[in-house]
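This report refers to the structure that appears directly beneath it.
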Amino acid sequence: MLTRGTLIYIAKRVVLLAFTVFLVSSVVFFAVHSLPGNALISARLHGAALQQQLHQFGLDRPVLVQYWSFISNAVRGNFGVSYVIQGLPITPLVIRELSVSCELGGAALIITVGLGVSVGVIAAVRHNTWVDYILTSLAVLGYTVPSFVIATLFYLVFGVWLATLTNGGFSYPLTWTGTYGTLAELSVPAFAIGLFTSGQVARITRAAMLDVLQQDYVRTARAKGVREWAVIIRHALRNALVPVVSILGPLIATIITGVVVIENIFSIPGLGKEFIESILNHDYNITVAVFTLLAALIGVANLGVDLVYAAVDPRIRY
Amino acid sequence: MSIATEVAQEFDAGVVAREQVSLWRDGWRRLRRNRLALAATIFLAFLALVCVVTFFWTPYPPSVFVGNPYAGPSLAHPFGLDEYGRDMLSRMMVGAQISMAVGLGCAVIAVVVGVSLGLLAGYLRGWVDSVISTAINIFYSFPTILMALILYIVIGPSIINIMVAISLTVWMDMARLVRGQTLSIREREYVEAARASGARTGRIMLGHVLPNSLGPIIVQATYIIPSAILTEAFLSFLGVGIPPPTPDWGNILGTDGLPAIRFAPHILLPTAILLSVTLLAFNFLGDGLRDAFDPRQKR
């Protein structure tokens, strides 16, 4: 599996990834530093007090000097301190938030693939029956209705109406306790993200399965008496998964954007919530740190997808 | 009516030599047969009409106190009032205008940028192609909405800036499509004939390659509109898009609707449904156009 060629390929990709992350964080660094107003705009300081604060954070230095100190600290894993919650070191904060976002995104990814592939397979096996029509329509709804609309509807149905209907006796918790929440608290936000992406997975899986089920080797497998579920799972699905894996890269980007918005709706203490808050608060250091981490996360996810792609499709060799 | 009966009728009517049908008329005829796409077209036409009407008339001024805050739907205010006592119907109408403007504006910008870059990359090949393709891949490797967010906070809040920021994140699909089309069209005999008769590069690109890839370009542009509307709604939903008090679907949902969801869901629900149906309609129209302009491709 891990031949020399594969290792060289991974090494190349890691170098490229590091370069991309560097480039992205540099672009974002200069972008936020060109914002109108300064980092302490929300502190409502003026005159000498403002100058003194700016000096304390080194914000009165030329941008290039600030950039150099940012880069030289960032490669050592130090993203500086927050300007708004003064003196709060950012690195531990964003690492913890990254783990929360990964928890939510991971759950959404599991729902995406699990639900999407099962729906696609069932629709393809029951091709042109009412089962197929219902599932296909649901999939279309899934991938056109935006995740934040699904999330607000979930909020309304499970959080408000269900509680009113049962007089508060039964409702999904729409809060988030502690850092990582509970499984019940995780389920509604994760489904809100996952439904949107699983619609696309279902569509691709269905099309691929329909194509594969027509192939000669499936007929051969059936003819030699392989049981139907074994034909579908072992012979058809394994080949139908190749196009599904190929869209996982863009899907992961969609899931990450979904995570950003859903965290803001359900007040989940993850990277997405921090990202929007830091932009609105002009907390430059956090914005840059969050964006750098997101870029790294997307890069790693894409690398993972490409490796899975090679594992699923033996024709691909790196 | 099937094509066979149509031909038979025309034959009976004495029209033996059928008139030449242009790509557009053929496409329109196919589109009309697709009921889903036709329904989508009618809905979008209605929405466009509403947008035009909004220029001249809304039931109430969209950003002015006209009644009790959070009042539910009534005869005077069919969609109720929001937290500042503003009429929701008027706000949804203005919101529709903004969403459609952003959608169409982004599609225009993305078509101009994507088609030019795609033509250049596909026709000239060589280093031009490498530069453009690398740019496409770099832009692809990032979630569009996060990129739009950064672009947008840098260039500041206004509807034109939103359009520019979103366009910069949706042109890649168009460029890649046109590049692929151009690569195949530039090898056709009629392009070779034009080149042999001394036509200049610019003329071949605009006069031969571009018209022959118009079908896929239009289909792709139809898909750009909903994704631009979605991105704009997303930004406004998070509070970093169209600045209030100007209403738009995203900030109606995020700024007005979400905080009041427990006791006044009427602020949020109609807009959520309207946004979803609009996105659905554009996608159905895109699918219909794709089937109409490219009959070889089966769904």
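For A:V27, no part sits under 4.5 Å from any heavy atom of chain B, backbone or side chain. For B:I261, the parts lying under 4.5 angstrom from a heavy atom of chain A are both the backbone and the side chain. There is no contact between A:A207 and chain B, counting heavy-atom distances below 4.5 Å. Of the two parts of B:L275, only the side chain, counted from C-beta on, holds a non-hydrogen atom closer than 4.5 Å to a non-hydrogen atom of chain A. Both the backbone and the side chain of B:F234 come within contact range of chain A, with heavy atoms under 4.5 Å apart. Interface residue B:L238: backbone and side-chain heavy atoms are both found under 4.5 Å from chain A. With a 4.5 angstrom heavy-atom cutoff, B:L258 touches chain A only via side-chain atoms.
Scanning both residues, B:F237 and A:F148, for their nearest heavy atoms gives CD1-CD1, 3.6 Å.
For chain B, the option among A:V28, A:N264, A:T287, A:V261 with the highest count of heavy-atom pairs below 4.5 Å is A:V261. If you tally non-hydrogen atom pairs under 4.5 Å between each of A:I276, A:L141, A:L153 and chain B, the highest count goes to A:I276.
In this structure, the separation between OH on A:Y143 and CG on B:L280 is 8.5 Å, given to the nearest 0.5 Å. Taking OH of A:Y155 as the reference point, atom CZ of B:R262 lies at 4.5 Å (rounded to 0.5 Å). Distance CG/B:N283 to OG1/A:T144: 6.0 Å, rounded to 0.5 Å.
Side-chain contact check for A:P146 versus B:L279: some heavy-atom pair is nearer than 4.5 Å.
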